[in-house]
Amino acid sequence: MNDGTKVVHAGLPEPAAGEPFLPGPVFAAPYHLDPVEGPVGNGYARTEHPTRRALQQAIGELEGGPALVFASGQAAITALLLSVLRTGDTVALPSDGYFTVRAFAQGTLRGLGVGAIEVPTAGPYPDFTGVRLVLLESPANPGLDVCDIRAVAEAAHAAGALVAVDNTTATPLGQNPLALGADLVVASGTKALTGHSDLLLGYVATNDGGLYEQVETWRKQTGSVPGAFDCWLAHRSIATLDLRLRRQSDNAAALATMLSERSDVSGVRWPGLATDPAFKVASEQMRRIPGVVSFDLGDAARVARFLAAAELVFAATSFGGVHTTADRRAQWGDDTSPGFVRLSCGIEDTDDLMADLAAALDQA
Ligand SMILES: *Cc1c(COP(=O)(O)O)cnc(C)c1O
């Protein structure tokens, strides 16, 4: 099956007369137990939940490996790090990836005696001898560099390290890290996967039964599960992932081209632009290029004027939603220049967006 079909059917139960296509959210903490047998299917929602199971089934089908969902992307990433790493271990992290992960390594992981090395996504990659886990993020948020996952995974495995890939920006329709040699995939489902800017979600997926059990035990014992309604909303939203990504990617292609042709905009990055440093590896590795574009307007005041003038661009953090948004990353302490903007293309009409952005840039 192709993407558009897969996302519509992912995780749905077999058709049964009188039943909904996607069963509604089940609101329960404990379930009835059989007085003799004890739990039958479900006992307590922190460990078993039918709405969550259906969503996990859907994500697992798309990623190509069994999935565990979490209350947020950070809950998933920290669950992975803390269930795999032990005192004395070293983890390799992207120096240009999601900044909260680096902050967690510098604080909590260091406090636990876990060392971290930081490597730029575009490389060069060091010798991984002595490294327990290599976490990659490709394309990296917010700089949009891309790494050759297969090549890095081979080098890491040769040195005895595990490989995890943060697949947030790409989504499982953009690339499947497990098929590219990664041991684990981890992501925020808050962004393009669910795409409506109305929930927080994270997941870990792996075909390694031992790792799956470790992460599942971690979740069971720490309790970082998403609620029933968020699971249901997420599952419902995944049905439109193919359509949303198509329009976001088309909008990004048009806007990135327009931005790169303007003399008053610098540093335009979109891995789908033929002139982009990430173009070659992205076009070989990815099945589609996400709708996120980055560029530089020089200073914070010009970004503010641009955002005030634009009618179709909401100033907001996060990305991947149906509404076009822009975020000046330096305001969050991200290691970017003051005029750096991450633009997340929504699913609006391409011509409308082009006209609005061009007019806003002219005014700014
Ligand atoms: C947003 C994001 C996260 C964190 O996800 P939350 O759902 O906000 O906790 C992790 N990695 C990347 C690449 C992200 O963009």
Side-chain angles (χ1 to χ4, degrees), residues 73-74 77 92-106 116-126 134-149 151-152 164-171 174-175 177 186-188 190-192 248-249 251-253 255-257 259-260 265-286 288-300 302-303 306 315-320 324-345:
Q74 274 308 110
I77 293 171
L93 301 173
S95 60
D96 50 351
Y98 193 65
F99 73 106
T100 312
V101 176
R102 294 196 297 283
F104 180 76
Q106 285 153 16
I117 57 171
E118 294 184 4
V119 187
T121 297
Y125 282 83
V134 178
L135 176 66
L136 302 173
E137 190 181 308
S138 182
N141 166 26
L144 301 175
D145 267 322
V146 172
C147 70
D148 183 337
I149 294 172
V152 177
V165 176
D166 184 328
N167 208 26
T168 303
T169 306
T171 83
Q175 71 193 1
V186 61
S188 168
T190 310
K191 318 291 170 54
Q248 287 173 337
S249 193
N251 282 344
L255 292 175
T257 304
L259 291 167
S260 64
V265 177
S266 64
V268 178
R269 290 295 309 269
W270 186 60
L273 274 182
T275 49
D276 193 274
F279 178 75
K280 188 171 178 292
V281 58
S283 30
E284 285 163 6
Q285 173 168 282
M286 302 185 71
R288 57 177 97 199
I289 308 297
V292 185
V293 176
S294 62
F295 56 92
D296 204 313
L297 293 184
D299 57 54
R302 186 146 176 260
V303 176
F306 162 69
T317 192
S318 194
F319 60 94
T324 294
T325 61
D327 193 16
R328 192 178 70 81
R329 289 303 302 169
Q331 72 187 304
W332 306 104
D334 216 348
D335 187 20
T336 52
S337 62
F340 176 94
V341 176
R342 182 184 64 206
L343 178 78
S344 173
C345 300

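In this text the structure is predicted, and so the values were computed from the model without any measurement.
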For the residue pair [X] and [Y], what are the closest heavy atoms and their distance?
| X | Y | answer |
| --- | --- | --- |
| C147 | Y125 | CB-OH, 3.4 Å |
| S344 | G320 | OG-N, 2.7 Å |
| E137 | P94 | CB-CG, 3.9 Å |
| A252 | V293 | CB-CG2, 3.8 Å |
| R269 | D276 | NE-OD2, 2.8 Å |
| G272 | F279 | O-CE1, 3.5 Å |

What's the separation between atom [atom1] in [X] and atom [atom2] in [Y], rounded to the nearest 0.5 Å?
| X | Y | atom1 | atom2 | value |
| --- | --- | --- | --- | --- |
| Q175 | I289 | CD | CD1 | 9.0 Å |
| L93 | L135 | CG | CG | 6.0 Å |
| S266 | D296 | OG | CG | 4.5 Å |
| E118 | Q106 | CD | CD | 5.5 Å |

Do [X] and [Y] make a side-chain contact, defined as non-hydrogen atoms from C-beta onward lying under 4.5 Å apart?
| X | Y | answer |
| --- | --- | --- |
| S260 | T275 | no |
| M286 | P139 | yes |
| W270 | L255 | no |

Contacts of type side-chain hydrogen bond (donor to acceptor under 3.5 Å, both in side chains), residue [X], not counting sequence neighbours:
| X | result |
| --- | --- |
| T171 | none |
| D166 | T168 |
| R328 | none |

*Name the one of V101, I77, N167 that satisfies side chain to side chain contact (heavy atoms under 4.5 Å, CB included) with V186?*
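Checked V101, I77, N167 against V186; only one passes side chain to side chain contact (heavy atoms under 4.5 Å, CB included): I77.
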*Out of P290, S138, P271, S188, which one pairs with T169 under the side chain to side chain contact (heavy atoms under 4.5 Å, CB included) rule?*
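The residue from P290, S138, P271, S188 that satisfies side chain to side chain contact (heavy atoms under 4.5 Å, CB included) with T169 turns out to be P290.
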*Start with the C-alpha distance between T325 and D327, add both sets of side-chain angles, then the distance that settles side-chain contact (heavy atoms from CB on, under 4.5 Å), and finish with yes or no.*
CA-CA 7 Å; T325 61; D327 193 16; over 6 Å; no
*Contacts of D148 that satisfy salt bridge (charged side-chain N to carboxylate O under 4.0 Å, His left out) - sequence neighbours left out*: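 Not a single residue meets the salt bridge (charged side-chain N to carboxylate O under 4.0 Å, His left out) criterion with D148.
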*asked:* Heavy-atom count check: over 12 atoms from other residues, nucleotides or ligands less than 6.0 Å from D335 CG?
replied: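 Not buried by this count: 12 neighbours or fewer within 6.0 Å.
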_side chain to side chain contact (heavy atoms under 4.5 Å, CB included) partners of T336, counting only residues at least two apart_ =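 Side chain to side chain contact (heavy atoms under 4.5 Å, CB included) check on T336 returns P142, R329, A330, D334, F340.
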_Under the side-chain hydrogen bond (donor to acceptor under 3.5 Å, both in side chains) definition, can you give me all pairs with a residue in residues 92-105, not counting sequence neighbours?_
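The answer is D96-T121.
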